[in-house]
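In what follows, chains carry the letters A, B, and so on, assigned in the order in which the sequence lines appear, proteins first and then strands, with residues in each chain numbered from 1. All heavy atoms count here, side chains included; hydrogens, waters and symmetry mates do not.
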Amino acid sequence: MKIATFNVNSIKARLPRVLEWLEAAQPDVALLQELKCEEAGFPGLEIEALGYKAEVLGQKSYNGVAILSRHPIEDVRRGLPGADEMGEDADQARYIEATVRGVRVASIYLPNGNPTPGPKFDYKLRWMARLKTHVEETLLPSEQPVALGGDYNVCPTDADVYDPEGFADDALCRPESRAAFRALVNLGLTEAWRALHPNAEGKYSYWDYGGGAWQKDNGLRIDHFLLSPQAADRLVACEIDRTPRGKEKPSDHTPVVVELQAG
DNA sequence: ATGGTGGAGGGTCCA
């Protein structure tokens with residue numbers, strides 16, 4: 001089963017790119033982030049025409065996540081637990097989770113957190129703590145294959161940044177962000193791409209629109225898959241598909257794809 | 001010096 005994650009930076013602006021990518025890559029499941037529209041504005045008909053069902057958590061202008069699948073989508077959860085108790089982000093559409101063919105998948109759009117320090121950075125760290133709690137209390141105890149894909153807005157190490165010194169105080173690279181990401185992984189998850197490419201450097205999933213970043217390959221690796229042990233046992237491949245980033249009117253991110261053996 | 005670019009929406013905010 002091929003599962004992809006793709007931050008599209010507006011599903012409406014990106015629809016031609018997304019449709020041609022789905023046709024070329026043929027993922028079984030596609031986890032999308034930054035839809036920047038409400039459910040009613042989601043282009044479901046065009047996506048259904050390619051054979052995909054869609055479950056969407058939308059929001060006007062910002063955020064928005066979706067799960068697309070060629071197979072039935074079951075037991076959908078919209079939103080990360082813990083928002084109400086913290087009195088925040090009931091309106092931020094950053095998490096959707098469902099089961100496809102026995103695999104629990106989630107589409108994650110983690111807060112960016114810039115500038116640091118500040119309230120947005122604090123919010124990012126609180127959101128990461130909530131994600132950790134959900135993984136710890138619900139997902140891992142299920143003992144099911146779980147694949148958490150998305151835009152984590154974290155470069156796990158300096159090997160994942162084109163300019164580590166320049167980004168030292170960026171929310172994507174701050175020690176607090178990396179520590180929270182490590183704490184999540186150290187619950188017993190596997191970071192799929194790094195597990196299969198342990199010594200790789202300079203492999204990115206995001207390039208800023210400005211400054212000729214794509215042409216200079218000034219990128220960051222911030223889009224990841226975290227797998228439960230039951231999913232990691234089935235991991236056979238994880239690749240970054242750079243093709244969509246080089247097209248006209250691209251997203252600033254490019255897809256990451258994992259392949260899991262049949263269960 | 002200045003996000004130098006892009007998306008949403010119609011102000012600026014966000015990344």
Interatomic distance where CZ belongs to A:F167 and P belongs to B:dA15 [whole Å]: 15 Å
A:Q33 versus A:D151, side-chain donor and acceptor atoms under 3.5 Å: no
Contact under 4.0 Å: A:K120 side-chain N or O vs B:dC13 OP1/OP2: no
Lys NZ or Arg CZ of A:R94 over A:Y109 ring: under 6.0 Å, within 45°: yes
Integer angstrom distance from the P of B:dA1 to that of B:dG10: 35 Å
Nearest-angstrom distance, C1' atom, B:dA15 to B:dG4: 15 Å
Separation of the C1' atoms in B:dC13 and B:dG9, to the nearest angstrom: 10 Å
Centroid-centroid distance, A:Y162 to A:Y204, less than 6.0 Å: no
A:Y123 OH - B:dC14 P separation (whole Å): 12 Å
Distance in angstrom units between A:F121 CZ and B:dA15 C1', rounded: 16 Å
Between P of B:dA15 and CD of A:E34, the distance in whole Å: 7 Å
Nucleotides 1-10 of chain B: protein proximity per nucleotide (B base, S sugar-phosphate only, - neither; heavy atom, under 4.0 Å): --B-SSBSS-
A:N63 CG to B:dA15 P, straight-line distance once rounded to whole Å: 7 Å
d(NZ, A:K124; P, B:dC14) in whole Å: 15 Å
Residue pair A:H71 / A:D28, side-chain donor-acceptor N/O under 3.5 Å: yes
Side-chain N,O (A:R94) to OP1/OP2 (B:dA15) below 4.0 Å: yes
Audit row: A:E34, A:Y62, side chain to side chain donor-acceptor pair (under 3.5 Å) steps and yes/no: CA-CA 7 Å; A:E34 273 208 274; A:Y62 307 111; over 6 Å; no
Donor on one side chain, acceptor on other, A:N218 and A:W207, under 3.5 Å: no
Scan the side chains in residues 254-263 of chain A for donor-acceptor partners under 3.5 Å anywhere in the protein, sequence neighbours excluded, and list what turns up.
{"from": "A:T254", "atom 1": "OG1", "to": "A:D241", "atom 2": "O", "distance (Å)": "2.7"}
{"from": "A:T254", "atom 1": "OG1", "to": "A:R245", "atom 2": "N", "distance (Å)": "3.4"}

